[in-house]
Amino acid sequence: MNDGFRLHPEQASEIAASVDALYFFQVGVTVFFTVLIFVLIWTFALKYGRARKADRILPPHEFWATELIWAIVPFAIVMIMFGWSAVIFVRGSQTPPNAITIDVIGKQWMWRIYHPEGKREINTLHVPVGQPVRLRMISDDVIHSFYIPAFRAKMDVLPGRHTFMSFTATKPGEYHLFCAEYCGTQHSFMRGRIVVMEPGVFADWIRGSTDEPPEVAGKQLFEQFRCNNCHHNNPGARCPPLGGIYGTTVALQDGTTVTADESYLRESILNPAAHIVAGYKNEMPLYLGQLGEEDVLQLIAYIKTLPSPDATPRSEAENSKP
Ligand code: CUA
């Protein structure tokens with residue numbers, strides 16, 4: 001709940017309890033050794049202080065048992081911490097196949113959220129309880145960090161490249177959202193809330209959206225920048241046709257291949273020279289600096305709707321979008 005500051009935020013995601021268990025184990029180990037070291041310091045100080053009459057005859061140099069214990073025990077403890085945290089890290093970074101992907105754009109100083117159904121939000125993210133969610137995040141300016149303490153989830157949001165974060169909310173309610181990377185004068189105001197809803201309520205909420213789907217704005221941009229002049233399906237096209245390209249494997253000029261996902265399409269829009277498609281020349285202008293991340297997101301949404309030329313007759317393909 002959003003009820004002010006809490007030292008220990010409630011556990012509201014699938015991974016939260018295991019992160020806490022590891023955290024408390026590490027705190028326990030730290031406290032134990034801190035206390036042990038203090039006790040030993042005071043014990044020896046009192047026992048061997050200058051004024052004390054203690055046995056000061058030099059002991060033999062080698063205590064193999066002691067040396068082995070203080071090498072092996074800390075090593076074992078550190079390896080337990082390493083293995084344990086690696087398991088949690090791998091679990092937390094895996095995305096279940098049924099996850100929904102929501103786009104996040106960080107911008108000084110707000111979070112813009114784009115649901116796949118077209119619904120848009122600012123500084124608030126609604127998600128259904130029990131549903132794996134993957135956030136595909138990018139920044140329009142500097143480094144931000146998307147942090148949901150109740151989910152024990154935090155990931156940097158970088159300019160120029162997508163980062164991902166997955167979670168499954170387990171408890172309906174409202175939770176804090178923070179930017180956890182100092183990003184300018186209003187960094188401390190770059191915060192919001194996560195609203196976890198029952199699936200039925202969420203479905204009604206998303207269905208009630210009147211926001212324009214991103215592909216509509218994407219189509220306008222596509223026409224405004226005359227992408228069609230080169231990217232068309234007719235013979236002699238100067239640039240690769242885009243219909244049905246999303247998710248396919250693209251052969252590149254240098255003999256390698258790449259999957260046409262969001263990151264590849266984004267790079268090809270902003271910096272086409274980075275990966276030239278086999279059989280084409282680098283003739284496309286650079287759109288870096290001309291298009292913001294929101295424009296790119298809308299263009300990609302539109303490109304995804306373009307039907308494959310083999311699958312659909314042309315007339316139908318042209319009429320498929322409003
Ligand atoms: Cu964005 Cu701090």
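Counting convention: from 1, in listed order, for ligands and their atoms alike.
Ring geometry for H187 versus Y182: interplanar angle over 60°, hence perpendicular rather than tilted (30 to 60°). Aromatic ring pairs are classed by plane angle as parallel below 30°, tilted from 30° to 60° and perpendicular above 60°; the pair F167 and F151 is tilted.
Under a hydrophobic clustering in which Ile, Leu, Val, Met, Phe, Trp and Tyr are joined whenever their side-chain heavy atoms come within less than 4.5 Å, directly or via other members, I303 and L252 fall into the same cluster.
Around atom 2 (Cu) of ligand 1, the two atoms O of E181 and ND1 of H187 are separated by an angle of 90°, to 10 degrees. In this structure, SG of C179 and SG of C183 enclose an angle of 120° at atom 2 (Cu) of ligand 1, rounded to 10°.
Between the side chains of E294 and Y114, at least one donor N or O sits under 3.5 Å from an acceptor N or O.
At least one N/O/S atom of M190, from backbone or side chain, sits under 2.8 Å from atom 1 (Cu) of ligand 1.
Residue H144 approaches atom 1 (Cu) of ligand 1 most closely through its N/O/S atom ND1.
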